[in-house]
Amino acid sequence: MDKPQLIEHLHEAVNYTVYDTKWVPLSAKFVVLGSKANSHGILDIFELNEDKLVKVKSVEKKAAFKCGTFGAASLRNRHMAIGDFEGRLQVLDLEQPDLPVYNVKAHSAIINTIDAIGGTQIDCGAPEIVTGSRDGAVKVWDIRQGQSPVVDMSPPPQMGDGINQSSARRDCWAVAFGNTYNSEERIVAAGYDNGDLKLFDLRTLSVRWEATLKNGICGLEFDRRDIPMNKLAVTTLEGGLLVYDMRTQHPTKGFSYVEERNAGRSVGTNGVITGPKATVWVVRHLPQNRDLFLTGGGTGSIRLWDYEYPEKRVIDDSDGNKLGVAGHMHMVSAATLSTQPVHCFDWHPDKLGLAVCGAFDQSVRVLITTKLNTY
């Protein structure tokens with residue numbers, strides 16, 4: 001029992017489909033976003049109160065909520081940016097959520113994914129929000145700049161775009177900010193349903209690198225957003241988990257990576273991995289230790305991984321170019337929480353080992369992970 005244990009601390013059943021869960025910074029509260037049976041959006045705020053969860057506030061809107069983030073909010077106002085099923089981006093003040101602080105029709109279809117940066121980090125540029133949508137576009141927003149995006153990375157217009165939307169556009173499923181170590185540098189990673197992975201450099205407004213994986217990309221996260229990019233974790237359909245070493249880009253081979261193909265399958269109590277391949281829905285790095293990260297799988301199991309760096313992270317190839325060397329991943333611990341996919345997960349930014357996750361069995365769970373300080 002000397003390894004970390006993933007323990008379910010509290011379990012709250014709700015009467016709607018949960019799509020995202022996020023801790024409110026510097027508090028014991030978290031936000032649950034979801035969709036009711038009448039397809040209205042619902043936002044619930046829960047507070048930890050000793051051994052139970054107390055619902056503090058509930059807000060209902062016309063369109064179902066898909067994703068949300070506090071990344072662009074300062075600790076003083078704690079505004080939450082939310083994307084919904086109608087393609088609208090709203091920034092809500094949780095004290096007065098009825099009237100949005102910012103409201104824009106960002107996309108022509110559902111906003112699948114959202115990320116934000118610049119709220120609490122010092123010397124890392126403007127607070128910005130990035131959204132990815134079913135319409136294939138990735139857009140970067142600064143709520144101080146009015147109703148148009150600061151950067152719009154949309155696929156080129158195609159035949160049939162006006163009246164009947166062409167379905168040839170790739171659905172953007174995951175976005176993440178990274179490399180924001182000063183006020184000029186910033187990178188957006190975007191993953192698409194056909195396995196395309198693209199790195200957009202916002203300083204030069206260009207595609208810095210792209211690759212195509214075997215399966216659609218469900219989740220992306222840099223291990224830290226506000227450092228020169230170090231690692232990028234990518235999760236895919238059919239159980240793929242890849243960690244790219246982002247420090248060294250080879251001119252032809254790009255970034256090196258380590259891959260695990262069974263990351264979505266269910267894990268028994270004895271540690272035996274069984275069952276069919278399943279999607280890895282989400283990956284989240286521990287805020288207090290960037291080499292520990294957790295994945296949520298389609299069988300309702302979660303797994304904690306440890307990344308071990310190689311002895312040399314860079315070697316010279318035969319042409320004299322620098323080539324990165326990927327490390328190794330070790331599964332530290334696993335737990336089965338539900339019969340349905342665990343598709344959203346959030347570590348508490350301040351309290352080590354405390355986390356909240358949502359599954360498609362219409363419930364929210366608060367987890368405690370022990371012994372993380374030994375890593």
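The pair Asp346-Arg284 fails the salt-bridge criterion, with no side-chain N (NZ, NE, NH1 or NH2) lying under 4.0 Å from an Asp/Glu carboxylate O. We find that Arg169 and Asp171 are not joined by a salt bridge, their nearest charged nitrogen and carboxylate oxygen being 4.0 Å or further apart. Between Asp44 and Lys55, at least one side-chain nitrogen of the basic residue sits less than 4.0 Å from a carboxylate oxygen of the acidic one, meeting the salt-bridge criterion.
Hydrophobic clustering of Ile, Leu, Val, Met, Phe, Trp and Tyr side chains at less than 4.5 Å, counting indirect connections, keeps Leu6 apart from Met331. When the side chains of ILVMFWY residues are joined at heavy-atom separations under 4.5 Å, either directly or via intervening members, Val258 and Leu323 end up in two distinct hydrophobic clusters.
Looking at Asp316 and Asn321, their side chains never bring a donor and an acceptor atom within 3.5 Å of each other. Between the side chains of Asp201 and Ser206, not a single donor N or O lies within less than 3.5 Å of an accepting N or O. Using modelled atom types, one finds a donor on one side chain and an acceptor on the other under 3.5 Å when comparing Arg365 with Ser363. Side chains of Asn182 and Arg203: no donor on one and acceptor on the other come within 3.5 Å. Between the side chains of Ser256 and Asp245, no donor-acceptor pair is found at a separation under 3.5 Å. For the residue pair Asn112/Arg134, the side-chain donor-acceptor check at 3.5 Å is not satisfied. Side chains of His250 and Thr248: no donor on one and acceptor on the other come within 3.5 Å.
Side-chain atoms of Phe46 and Val356, non-hydrogen and from C-beta on, never get closer than 4.5 Å to each other. With a 4.5 Å cut-off on side-chain heavy atoms, Thr131 and Val138 do not count as touching. Side chains of Lys66 and Asp84 form no contact here, defined as non-hydrogen atoms less than 4.5 Å apart. Between Val282 and Cys344, the closest side-chain pair of non-hydrogen atoms is not below 4.5 Å.
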Please list every donor-acceptor pair under 3.5 Å in which a side-chain atom of residues 29-36 meets a protein atom from a residue at least two apart or in another chain.
unit_1 : atom_1 : unit_2 : atom_2 : d
Lys36  : NZ     : Glu60  : OE1    : 3.3

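Rounding to the nearest 0.5 angstrom, the gap separating the OG atom in Ser154 from the NE2 atom in His107 is 8.0 Å.
Other members of the cluster containing Leu237 are Trp173, with ILVMFWY side chains joined at under 4.5 Å, either directly or via other members. Residue Leu213 is found in a hydrophobic cluster whose other members, listed by chain and number, are Ile187, Leu197, Leu199, Trp209, Ile217, Leu220, Phe222, Met229, Leu232, Val234, Leu242, Tyr244, Met246, Phe255, Tyr257; membership requires side-chain heavy atoms under 4.5 Å apart, directly or through intermediates.
The cationic group of Arg208 does not satisfy the cation-pi geometry with Phe200, failing either the under 6.0 Å distance to the six-membered ring centre or the 45° limit from the ring axis.
Taking Tyr307 as the reference, Tyr309 meet the ring-ring contact (aromatic ring centres under 6.0 Å, His included) condition, with sequence neighbours excluded. In terms of the ring-ring contact (aromatic ring centres under 6.0 Å, His included) criterion, residue partners of Trp347 (sequence neighbours excluded) are, by chain and number, Phe345. With sequence neighbours excluded, the residues that form a ring-ring contact (aromatic ring centres under 6.0 Å, His included) with Phe85 are Tyr19.
Of the candidates Ile117, Val140, Leu202, Val140 is the only one forming a side chain to side chain contact (heavy atoms under 4.5 Å, CB included) with Val130.
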Report task. Run the numbers on Met80 and Val91 for side-chain contact (heavy atoms from CB on, under 4.5 Å), then give the verdict. Result -> CA-CA 5 Å; Met80 188 176 197; Val91 178; over 6 Å; no
